[in-house]
Amino acid sequence: MSTPTMIKRGNLAFLRVVIALQTLAVFAAPVTAGLLLTTPGGHVLHSAAAYSVFGVAVVHVAAAILAWRPGGGSPRPILNAAGFLAATLAQVALGIAHVTTLHIPLGVLMFGLSLLQLSRVLKAS
């Protein structure tokens with residue numbers, strides 16, 4: 001991530017909130033997947049979780065741009081956010097195609113990456 005002094009405090013706080021919401025949304029997806037397997041309305045809940053992850057991933061890209069642009073620091077947070085959005089799009093496509101052999105491991109990887117991003121942004125001052 002760029003040096004902490006290059007990011008305005010408000011933009012950094014916004015980025016932290018967005019990544020925390022992203023991590024929470026990615027965590028909710030397997031919970032709703034369990035409901036998908038056990039309840040009749042589980043499909044709707046899992047779909048809502050997927051839309052939430054996608055929406056937050058798009059906002060994450062915008063937040064990363066806002067955090068980078070004013071200070072002119074490293075564009076790495078933007079690349080991380082764009083990569084996460086690409087993984088989200090792949091995850092949605094795999095889920096729609098019912099390719100669970102790739103859908104489930106990619107979801108686990110996404111949760112780990114989101115936790116990593118969250119830990120990095122929380123360390124920045």
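All values below come from the heavy atoms of this structure, side chains included, with hydrogens, waters and symmetry mates left out.
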Distance-minimising heavy-atom pair for Ala82 and Val61: N-CG2, 4.0 Å

Between Phe54 and Thr88, which heavy-atom pair has the shortest distance, and what is it? CA-CG2, 3.8 Å

Nearest non-hydrogen partners of Pro77 and Ala64, listed with the distance: O-CB, 3.6 Å

Honestly curious: do Ile19 and Leu79 fall in one hydrophobic cluster under the side-chain, below-4.5 Å linking rule? no

Transitively linked via ILVMFWY side-chain contacts under 4.5 Å: Val44 with Leu35? no

Would you compute the distance between atom CG of Leu12 and atom CG of Leu66 and round it to the nearest 0.5 angstrom? 12.0 Å

4.5 Å side-chain heavy-atom contact, Leu45 and Leu36: no

Compare every heavy atom of Asn11 with every heavy atom of Ala67, then report the nearest pair and how far apart it is. CA-CB, 3.9 Å

Heavy atoms only: give me the nearest Ala29-Ala49 pair and the separation to one decimal. CA-CB, 4.0 Å

Heavy atoms only: give me the nearest Val121-Arg16 pair and the separation to one decimal. O-NE, 3.0 Å

Could you list all the side-chain hydrogen bond (donor to acceptor under 3.5 Å, both in side chains) pairs where at least one residue sits in residues 27-46, not counting sequence neighbours? Thr32-His46

Pairs satisfying side-chain hydrogen bond (donor to acceptor under 3.5 Å, both in side chains), at least one member in residues 102-117, at least two apart: Gln22-Ser114, Gln22-Gln117, Thr23-Ser114, Gln91-His103

Would Leu24 and Val108 show up in the same hydrophobic cluster when neighbours are defined by side-chain heavy atoms closer than 4.5 Å? no

Is Val92 linked to Val56 within one hydrophobic cluster, defined over Ile, Leu, Val, Met, Phe, Trp and Tyr using a side-chain heavy-atom separation of less than 4.5 Å? no

To which residues is Leu102 joined in a hydrophobic cluster, defined by side-chain heavy-atom contacts under 4.5 Å among Ile, Leu, Val, Met, Phe, Trp and Tyr, whether direct or through other members? Val26, Phe27, Val31, Val53, Phe84, Leu94, Val99, Leu106, Leu109, Met110, Phe111, Leu113, Leu115

